[in-house]
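To keep things clear, I will list the structure first and then write my remarks on it.
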Amino acid sequence: MAGTQRTVTVMVGLLLATLASGHSDTTSVHLTKDNFQTEIDGANYFVMFYAPWCDYCKKLAPTWASLAEARNGDADGLVKIGRVDCTTDGDLCTQHDITGYPMLKLFRKGAATGDGGTKYRGGRDLAQFNAFLDEQLATVAGEGAKDGEDGSQEDLPDAPPTPVSPLTELTEDTFAKHVSSGKHFVKFYAPWCGHCTKLAPTWEELARSLEHERDIRVSKIDCTQYRPICTDFEVKGYPTLLWIEDGKKIEKYTGPRTHADLKQYVSRMAGGLKEDEQQAEQQGDKKKEEGTLEAGAERDDNRSVVVQLSEGDFTHAIAKGVTVVKFYAPWCGHCMRLAPTWEQLAEKLAARDDVKIAKVDCTVDANKELCGEQEVNGYPTVFLYREGEKVTEYFGHRSLDDLHEFVMQHLQDHGSHDEL
């Protein structure tokens, strides 16, 4: 028995020594601090960062070798498979934020020295590795297809230029500035996500169909490369489609993902599209504004009993009694649906002098600072104020009965406190 244990110990020792020396895998490229940057300057690289003593690394080793054998020997040279031993090149692994083993990253050809690569988070089998690589490098595969033998394109003078896509690919450097003003429909995605891949052509089509809408931008951001941004916007699954205005998340889209449905959503959120207006004019539709009101848009006519507040009179208006304020945007679908109920609530409480039902349009330039100060993060937002102080936010159902019960409860509470 002792001899058997000694034999096993020797074999394990030899295995670890072999892994450490890099000879167990002769198919993947052994990368070190001396050749790493040179290699990724010349080719796309899918790299395994590992430690020889790591059990998960050992388990992955045969699959990684098979992947390397297929990919490194491929005539198209789309991607090379490499490996870095973090026990011998610790500085290199630290540079690329390797915090566990094995960690797999894809580095695109010519990546800058500080580029951390795209982290792979999928399953560890050949099929999923290949799917990930094909999706990530699909655009690379087509490069040079039209080139002449000498690498130039002069042999094909009649070939049309590649159209510039109106779909904006955002990065960590461009995201904040891009969405800081205006209306944006943003797709947060992961390249390996099947649903994202399925949506991709439709999202491109949506961007093209809206490219002449000056105030609306359709974009996307890869959460595998820019995770902090996706975390800030509470992205928990892929794809996540968010409507963002002036840098703030307004609403998450959860409807069907056909081009028609997505475009209809954009039209509703943006308060209409130019092509909608053109069609209305061609058809002689002179009732567009009336139709908008019938759909439940905010009313500012003299018949409204809801108090319309602004930056200038807000503080004075909420100073006494109870004031329930709806912060809204005229193009917001949920705001439109709430509008008639809000009017009914104001009418029902009109006889009371201890409560006001009010609203603030957050899209008006003069009110944007006010909405920011009141921490309005979405539309509609309903806050209840008492004697000038914010008491609570309403999160319940938006039926007339529920809203009325909410207000009356706080009025009763107010009365009982006065008696004390």
Cut-off 3.5 Å, side chains only: do Tyr379 and Glu245 have a donor facing an acceptor?
no
Trp342 ring center near Tyr328 ring center (under 6.0 Å):
no
Identify, with sequence neighbours excluded, every residue that meets side-chain hydrogen bond (donor to acceptor under 3.5 Å, both in side chains) alongside Glu251.
Tyr265, His334
Could you pull out all residues at least two apart from Lys105 that satisfy salt bridge (charged side-chain N to carboxylate O under 4.0 Å, His left out)?
none
Any salt bridge between Asp134 and Arg71, counting N to O under 4.0 Å?
yes
Run the side-chain hydrogen bond (donor to acceptor under 3.5 Å, both in side chains) test against Thr32 and tell me which residues pass, sequence neighbours left out.
Asn35
Taking the inter-plane angle between the rings of Phe49 and His96 on a 0 to 90° scale, is it parallel (under 30°), tilted (30 to 60°) or perpendicular (over 60°)?
tilted
Kindly indicate, with the supporting measurements, whether the criterion side chain to side chain donor-acceptor pair (under 3.5 Å) is fulfilled by Asp91 and Gln95.
CA-CA 6 Å; Asp91 291 342; Gln95 177 186 335; over 6 Å; no
Can you list every pair that meets disulfide bond (SG atoms under 2.5 Å apart) and has a residue in residues 230-260, with sequence neighbours left out?
Cys223-Cys230
Contacts under 3.5 angstrom, residues 310-317 side chains, donor-acceptor by atom type, not counting sequence neighbours:
| unit_1 | atom_1 | unit_2 | atom_2 | d |
| --- | --- | --- | --- | --- |
| Ser310 | OG | Asp313 | OD1 | 3.4 |
| Glu311 | OE1 | Leu370 | N | 3.3 |
| Asp313 | OD1 | Ser310 | N | 2.8 |

Could you measure the distance from the CG atom of Leu262 to the CG atom of Leu241? Nearest 0.5 Å is fine.
6.5 Å
Before we go on, tell me: are the rings of Tyr50 and Tyr56 under 6.0 Å apart, centre to centre?
no
Proximity of Phe132 and Phe46 rings by center, below 6.0 Å:
yes
Considering only residues two or more places apart or on different chains, which pairs with a residue in residues 167-187 satisfy salt bridge (Lys or Arg N to Asp or Glu O under 4.0 Å)?
Glu169-Lys220
